Amino acid sequence: MREPFIAGNWKMNMTPSQGAVFAASLKDALKGSRTKVMVAVPFVTIPAVLEVLKGSNIIVGAQNMSDQKSGAHTGEISALMLKDLGVNTVILGHSERRAIYGESDSFINRKVLLAIAEGMEVVLCIGETLSEREGGHLEEVLTSQVTEGLKGVSAEEMKKITLAYEPVWAIGTGRTATPEDANDAHAFIRGLVAKLYNEGVAEELIIQYGGSVKADNVAALLSKEHIDGALVGGASLSVEQFLPIVNFGA
Ligand code: 13P
């Protein structure tokens, strides 16, 4: 049985003071919820949110980290720094990092390996662009993102990995993949993981769907066999919108 995992990705929203106020109302709203929930918040907002969420089950994650351990890397944040704050989960390979900041599969893979070596958990994002899908390259793109992104990760270490399938064309557009299309992509990814590892690893792997997840489409998505959770952008910035999403994961 795979435990549903709902994550909010705040992206570049919420200053430390805004994040603290928001986290307090989220903590209150989610009191008693047993769903696995994470909020991935901007680096500088992490301490304020961690402080407010102390004593709750809500996981505080980061949205990125450096592929290097330390040293002359101006502007970067290391795994060690995150761990020192108490952050043990990091989103890697988000399509915005890939598209806007030119992160490649091999670069992302270095981050994945470093996070794992540091004992962290990873939400690795994958997903195709519209032209890749329309050009019939969906499986090819997912195959290379999964294969390259997970290179060097052992079957045992796969327990630390969550995959997030986020079709780029569905992110922030209000255009969600149909539950059937999303489930087909998830089934393909799970099959690929079975080939790369084994059936057991594939069966246990949590695969989140992301891309315009809202209160009114989450139930249909999560009812599908291979959709185990959600990675939520815009709707995670409002307690009113995020709460029903979390509750459908219950
Ligand atoms: P939206 O839910 O705003 O489409 O964003 C999805 C996403 O990119 C989460 O990482």
Side-chain angles (χ1 to χ4, degrees), residues 4-14 18-19 22 26 35-43 45-46 49 58-65 87 89-103 105 108 111-112 115 121-130 132-133 138 141-142 145-146 149 161-179 181-183 185-186 189 206-222 224 227-249:
F5 182 15
I6 309 290
N9 175 8
W10 291 1
K11 307 192 179 183
M12 199 173 68
N13 297 291
M14 303 272 191
Q18 290 168 336
F22 184 82
L26 192 63
T35 306
K36 182 175 178 186
V37 178
M38 174 173 86
V39 287
V41 316
F43 291 129
T45 301
I46 289 173
V49 170
I58 305 170
I59 299 163
V60 179
Q63 301 171 10
N64 186 25
M65 62 171 229
V87 171
T89 309
V90 61
I91 294 177
L92 295 175
H94 192 278
S95 66
E96 287 148 19
R97 301 292 325 164
R98 294 175 188 263
I100 308 171
Y101 301 100
E103 295 197 7
D105 284 319
I108 294 161
K111 299 184 185 206
V112 170
E121 302 203 2
V122 170
V123 177
L124 174 62
C125 301
I126 54 174
E128 82 289 0
T129 62
L130 189 57
E132 287 165 342
R133 175 173 275 259
L138 172 65
V141 170
L142 294 179
Q145 289 176 338
V146 171
I161 302 276
T162 295
L163 290 183
Y165 169 63
E166 298 203 300
V168 177
W169 48 271
I171 295 177
T173 57
R175 189 176 160 191
T176 325
T178 64
D181 281 350
N183 191 55
H186 283 224
I189 295 162
I206 299 294
I207 309 177
Q208 296 174 324
Y209 169 80
S212 298
V213 175
K214 307 278 180 234
D216 61 6
N217 58 27
V218 65
L221 287 160
L222 288 178
K224 293 293 177 193
I227 304 181
D228 311 313
L231 182 54
V232 187
S236 74
L237 298 170
S238 140
V239 173
E240 292 68 36
Q241 292 182 50
F242 193 51
L243 184 63
I245 295 175
V246 169
N247 286 341
F248 274 106

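Count residues from 1 along the sequence. Order of appearance sets the numbers: ligands from 1, and atoms from 1 within every ligand. None of the values given here were measured: they were computed from a predicted structure.
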Which protein heavy atom lies closest to [atom], and at what distance to 0.1 Å?
{"atom": "atom 5 (O) of ligand 1", "result": "K11 NZ, 3.3 Å"}
{"atom": "atom 3 (O) of ligand 1", "result": "G234 N, 2.8 Å"}
{"atom": "atom 2 (O) of ligand 1", "result": "G233 N, 2.9 Å"}

Do side-chain atoms of [X] reach the backbone of [Y] as a donor and acceptor pair under 3.5 angstrom?
{"X": "S212", "Y": "T176", "value": "no"}
{"X": "T173", "Y": "W169", "value": "yes"}
{"X": "S236", "Y": "F242", "value": "no"}
{"X": "E132", "Y": "T129", "value": "yes"}

Task: Y165-Q145 side chain donor-acceptor pair, cut-off 3.5 Å - done: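 No, no side-chain donor-acceptor pair sits under 3.5 Å.
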
Task: Q63 side chain to W10 side chain, donor-acceptor N/O pair below 3.5 angstrom - done: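 Side chains of Q63 and W10: no pair found under 3.5 Å.
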
Open item on the list: Under a 4.0 angstrom heavy-atom cut-off, which atoms of ligand 1 come close to G211?
Closed with: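 Atoms satisfying the 4.0 Å criterion: 4 (O), 6 (C).
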
Task: Sub-4.0 Å atoms of ligand 1 with respect to non-hydrogen atoms of A170 - done: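 Near A170, meaning under 4.0 Å from one of its heavy atoms, ligand 1 has 4 (O).
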
- [ ] Please work out which of R175, H94, Q208, K214 has its closest non-hydrogen atom nearest to atom 10 (O) of ligand 1.
- [x]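 Closest candidate by heavy-atom distance is H94.
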
Open item on the list: Can you check which of E96, Q241, E166 brings a heavy atom nearest to atom 9 (C) of ligand 1?
Closed with: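 It is E166 that holds the nearest heavy atom.
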
Mind checking whether [X] has a heavy atom under 4.0 Å from ligand 1?
{"X": "S95", "value": "no"}
{"X": "G172", "value": "yes"}
{"X": "S212", "value": "yes"}

- [ ] Looking only at distances, please establish whether an N/O atom of ligand 1 is found under 3.5 Å from an N/O atom of N9.
- [x]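 The answer is yes, given that N9 and ligand 1 share an N or O pair closer than 3.5 Å.
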
- [ ] Say whether L231, considering both its backbone and side-chain N or O atoms, lies within less than 3.5 Å of an N or O atom on ligand 1.
- [x]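 No, L231 has no N/O under 3.5 Å of an N/O on ligand 1.
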
- [ ] Indicate the atoms forming the closest heavy-atom contact of L221 with A182, along with that distance.
- [x]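 For L221 versus A182, the nearest heavy atoms are CD2-CB, 4.2 Å.
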
TODO: List the atom of E240, the atom of P244, and the distance in Å for their closest heavy-atom pair.
DONE: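 Nearest heavy atoms, E240 then P244: O-CD, 3.0 Å.
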
TODO: Indicate, as side chain, backbone, both or neither, the part of S236 found under 4.0 angstrom from ligand 1 when only non-hydrogen atoms are considered.
DONE: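 None of S236 does.
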
Task: Ion pair check, E103 and R98, cut-off under 4.0 Å - done: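 Looking at R98 together with E103, the answer is no, because their closest N to O distance does not fall below 4.0 Å.
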
